[in-house]
Amino acid sequence: MYLCDAAIAEATVRSGRPSSAIEDVATVVLAHELTHALHDQHADLERIVRGLPDQDALWAASGTWEGLATWVSERVAHELGLDDTFDLLAEVQGWNRDGLQETDAY
């Protein structure tokens with residue numbers, strides 16, 4: 001697994017967090033990405049994607065695996081006392097606890 005440390009550091013600092021928060025951000029991102037890897041081991045995501053009939057089906061399928069990885073990373077963040085880090089990562093993508101904030105984020 002490869003995480004782009006420069007992108008993680010940039011997102012952390014650009015959001016106003018101190019550089020000391022970079023490790024926490026990387027931890028939550030790693031939980032998200034490891035979930036994808038484990039999911040793929042059990043479900044063969046490549047096979048699933050190749051069997052999809054169109055873009056709509058791809059969006060629906062990606063919603064399931066992104067939702068799973070987001071849920072797991074949120075639980076990991078909570079268990080580690082990193083709820084604010086999870087919230088930061090959601091905000092970087094245009095979300096907060098009230099829902100979608102930046103409609104052009106997608």
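On a predicted model such as this, the values are computed, not experimentally measured, just so you know. Nothing fancy with the numbering, it's 1 onward along the sequence.
We find the OG1-CG distance between Thr12 and Leu88 to be 6.0 Å, quoted to the nearest 0.5 Å. Interatomic distance, Glu10 CD to Ile8 CD1, rounded to the nearest 0.5 Å: 11.5 Å. The structure places CG of Leu45 at 11.0 Å from OG of Ser62, a figure rounded to the nearest 0.5 Å. Atom CH2 in Trp65 sits 9.5 Å away from atom NE2 in His36 (nearest 0.5 Å). Distance check: Leu34 CG to Met1 CE gives 4.5 Å after rounding to the nearest 0.5 Å.
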Using residues 68-77 as the side-chain source, report each donor-acceptor pair under 3.5 Å to any protein atom, sequence neighbours left out, with the distance given to one decimal.
from, atom 1, to, atom 2, distance (Å)
Thr70, OG1, Glu66, O, 2.8
Ser73, OG, Ala69, O, 3.1
Ser73, OG, Thr70, O, 3.0
Glu74, OE2, Arg97, NH1, 3.0

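Annotation: side chain to side chain contact (heavy atoms under 4.5 Å, CB included) contacts of Ala57 (sequence neighbours excluded): Leu52, Pro53, Asp54.
Both Val29 and Val92 are part of a single hydrophobic cluster, where members link through side-chain heavy atoms under 4.5 Å apart. Linking Ile, Leu, Val, Met, Phe, Trp and Tyr residues whenever their side-chain heavy atoms come within less than 4.5 Å leaves Val49 and Leu38 in two separate clusters. Linking ILVMFWY side-chain heavy atoms closer than 4.5 Å, directly or via other members, places Trp95 and Trp59 in two distinct hydrophobic clusters.
Listed by first and then second residue, the salt bridge (Lys or Arg N to Asp or Glu O under 4.0 Å) pairs that reach into residues 32-48 are Asp44-Arg47, Glu46-Arg50, sequence neighbours excluded.
Salt bridge annotation for Arg17-Asp84: present, with a cationic side-chain nitrogen under 4.0 angstrom from a carboxylate oxygen.
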Stepwise side chain to side chain donor-acceptor pair (under 3.5 Å) check, Gln101 with Asn96: CA-CA 7 Å; Gln101 300 301 304; Asn96 70 19; 3.2 Å; yes
